[in-house]
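Take a look at the structure below.
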Amino acid sequence: MNSSNNSSGFVVGGGGGGEWERVKEGVTEFMKGVAEMTVEFGKGCRDIVKQSLVNEESYLVKNFGRDSYFGKRVGGTCSKVFGKLSFFNQYLPEDKDPLHAWSVIFFVSLLAFAAIYLNLEHDPSPPLTKETKQVFLHPPSAARIVLPDGRYLAYKEQGVPPDRARFSMIAPHTFLSSRLAGIPGVKDSLLEEFGICLLTYDLPGFGESDPHPNRNLETSAADMLFLANSLGLKKFWVVGYSSGSMHAWAALRYIPDRLAGAAMFAPMDKALMEDPIYEEFWQRDVEESIRQGNAKPFVEEAALQVSNWGFSLLDLKLQKKKRSGSADLLIWLKSMFVEVQEEYTGFLGPIHIWQGMEDKVVPPSMTDFVHRILPGAAVHKLPYEGHFTYIYFCDECHRQIFTTLFGTPQGPLTISLELDENESTTLEEENVEQQPEEEEVVANNGEL
């Protein structure tokens, strides 16, 4: 009985395991063959359609092509309409193809509105009865620096001063936000406890920062670098959450030598939005974001989200630097006499990513993809968190984040005390040097 059962089925272990592996390999090869045949079949169908329906002699081209009566009537009207709407292209970066950019923006907007509609369709709650809130223009309140190109960059400083900071952090804000966001709800007392200087700034055209005529993610990283230089920061952490993360990734790509590390959050649920504290914060942040009344920076920010960033995550992966053949020969000769250290490219510092497992905007699969590209990144999975619920107005969450990044809190640096000690030591040495001179003067007076 046992022998008949083993011969007619698959048994895990023993000889059955090898037979099962051969079957899996055969199925895999069969599926690869089916996939290749499907691709070739699709290419053949495409060629047939081109040859039979899209050539100059086909029925469709003759009756609906550009040179047909229908094509001339409709094409002329469409050309006039597109000509009148072409001024919208000035809101796009100069290096982006308008057709590609607007098509992507259209489909992303379509999907977003569809998701909102379905969410409202299945929302059993009664319709909103709140009055429409007014938007106020507040007096300017930001500190500003002048960038090398003459633009003003507005920023906000929280926590300890830069010269006493044990750790420095720069946080670019998200879409429809401003420098006032920072790490939403973080307390100055907690920043003081860990010795953190937190800097946030308005992106070009947002808040009180001047717009950039041709901005991209590389210029965004450059603005961050100039801000750090102006305030005397040598190394700093970059913090990115939601759409602000792309500016943090740009800093990892373009100014990696100045970064101590990176903290990313892909972790708004309804309870948070209905919280009066968050509601007040969000309204003030939006009011600051749109204070210039210019829509172009917002369109540019949206276009950056859906266009080519100019780099990929593979550029951040730690790998040996590629050299030419002559360079390899010189290094080999040098290694015969002295020890030569390997040169690496990519980001060498720590990267921490917090991912909410209930996040519907940035699903966990995206973080899994990032971790496959950058296996050195530490991923912290949050089982019951949504898109903003972990980083927004959560004192305990902020403490956990800082403890993960910086360890036990040690407070700010005591630079002033060290300077006082050095100054007192210098004064004592000067007094010691002056004492022999005074003795010589007294001796000379005695001889006189």
Side-chain angles (χ1 to χ4, degrees), residues 155 157-160 162-174 181-184 186 190-201 217 220-229 231-267 309 311-319 344-355 362 366-367 370-382 390-391 397-413:
Y155 70 94
E157 184 180 313
Q158 287 182 269
V160 302
D163 58 344
R164 296 184 57 218
R166 192 175 296 275
F167 306 102
S168 299
M169 307 180 80
I170 296 182
H173 62 76
T174 63
I183 298 177
V186 66
L190 184 63
L191 296 173
E192 182 85 20
E193 182 181 348
F194 280 85
I196 298 173
C197 173
L198 175 62
L199 296 174
T200 56
Y201 64 98
L217 290 179
S220 177
D223 288 350
M224 205 181 303
L225 178 61
F226 290 134
L227 176 62
N229 291 339
L231 299 178
L233 305 184
K234 295 181 179 179
K235 288 272 190 176
F236 61 90
W237 284 74
V238 62
V239 180
Y241 57 92
S242 192
S243 60
S245 295
M246 68 175 178
H247 301 285
W249 288 116
L252 291 173
R253 173 63 180 89
Y254 295 112
I255 53 171
D257 296 338
R258 295 296 299 274
L259 299 185
M264 309 286 188
F265 298 88
W309 286 4
F311 64 91
S312 67
L313 293 179
L314 287 173
D315 297 328
L316 308 179
K317 187 175 182 179
L318 186 62
Q319 50 192 333
Y344 291 87
T345 60
F347 183 65
L348 304 177
I351 300 176
H352 290 264
I353 303 175
W354 279 264
Q355 172 67 54
V362 181
M366 294 186 65
T367 303
V370 172
H371 192 251
R372 287 196 297 270
I373 302 297
L374 303 173
V379 177
H380 310 274
K381 296 185 177 182
L382 311 172
Y390 188 71
I391 192 174
C397 302
H398 295 158
R399 178 175 291 277
Q400 291 176 3
I401 292 169
F402 294 154
T403 301
T404 301
L405 298 179
F406 309 128
T408 305
Q410 302 180 39
L413 296 175

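Here the structure is a predicted model, which means the values were calculated and not measured.
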Q. Could you give the distance from OG1 (Thr403) to CZ (Phe194), rounded to the nearest 0.5 Å?
A. 3.5 Å

Q: Could you list the residues that satisfy ring-ring contact (aromatic ring centres under 6.0 Å, His included) with Phe226, not counting sequence neighbours?
A: none

Q. Where is the tightest heavy-atom contact between Leu374 and Leu313, given as atom of each residue plus distance?
A. CD2-O, 3.6 Å

Q.
The criterion is ring-ring contact (aromatic ring centres under 6.0 Å, His included); which residues satisfy it with Trp237, sequence neighbours excluded?
A. Phe406

Q | side-chain contact (heavy atoms from CB on, under 4.5 Å) partner of Leu225, the single match among Leu233, Leu259, Asp257, Ile255 | A | Ile255

Q) Mind checking what makes side chain to side chain donor-acceptor pair (under 3.5 Å) contact with Gln400, not counting sequence neighbours? A) Tyr390

Q | Atom pair NE2/OG of His247 and Ser220 - distance to nearest 0.5 Å | A | 4.5 Å

Q: Identify, with sequence neighbours excluded, every residue that meets side chain to side chain donor-acceptor pair (under 3.5 Å) alongside Gln158.
A: none

Q) Is the number of heavy atoms from other residues, nucleotides or ligands under 6.0 Å of Lys381 NZ greater than 12? A) no

Q. Sequence neighbours excluded, which residues qualify as ring-ring contact (aromatic ring centres under 6.0 Å, His included) partners of Phe236?
A. none

Q. Can you name the nearest heavy-atom pair linking Ala248 to Pro172, along with the distance?
A. N-CG, 4.3 Å

Q | Worked check of side-chain contact (heavy atoms from CB on, under 4.5 Å) between Ile353 and His371 | A | CA-CA 9 Å; Ile353 303 175; His371 192 251; over 6 Å; no

Q. Is any side-chain heavy atom of Lys235 closer than 4.5 Å to a side-chain heavy atom of Ser168?
A. no

Q: Measure the spacing between CZ of Arg164 and CG of Leu413 and express it to the nearest 0.5 Å.
A: 8.0 Å

Q | Nearest-0.5 Å distance that lies between atom CG in Leu231 and atom CD1 in Ile170 | A | 8.0 Å

Q) With sequence neighbours left out, what residues match Arg166 under side chain to side chain donor-acceptor pair (under 3.5 Å)? A) none

Q) With Phe347, which residues qualify under ring-ring contact (aromatic ring centres under 6.0 Å, His included), at least two apart? A) none

(Q) Once side-chain contact (heavy atoms from CB on, under 4.5 Å) is applied, do any residues pair with His380, and if so which ones, sequence neighbours excluded? (A) His352, Trp354, Ala378, Thr404

(Q) Going by side chain to side chain donor-acceptor pair (under 3.5 Å), name the residues that satisfy it together with His173, two or more places apart in sequence or in a different chain. (A) none

**Q.** Pairs touching residues 371-380 that satisfy salt bridge (Lys or Arg N to Asp or Glu O under 4.0 Å), sequence neighbours left out
**A.** none

Q.
Can you give me the closest heavy-atom contact between Leu405 and Ala263, atom names plus distance?
A. CD1-CB, 4.1 Å

**Q.** Validation row: Asp163, Cys197 side chains within 4.5 angstrom (heavy atoms)
**A.** no

Q: Could you walk me through whether Glu193 and Arg399 pass the side-chain contact (heavy atoms from CB on, under 4.5 Å) test, one step at a time?
A: CA-CA 10 Å; Glu193 182 181 348; Arg399 178 175 291 277; 2.9 Å; yes

(Q) Using the side-chain contact (heavy atoms from CB on, under 4.5 Å) criterion, which residues pair with Val239? Sequence neighbours excluded. (A) Met169, Ala171, Phe265

Q.
Taking salt bridge (Lys or Arg N to Asp or Glu O under 4.0 Å) as the cut-off, I'd like each qualifying pair that reaches into residues 242-254, sequence neighbours left out, listed once.
A. Arg253-Asp315

Q) For the atom pair CD1 (Ile196) and CD1 (Ile183), what is the distance rounded to the nearest 0.5 Å? A) 7.0 Å

Q) Mind checking whether Trp249 and Leu316 have side chains closer than 4.5 Å, heavy atoms only? A) yes

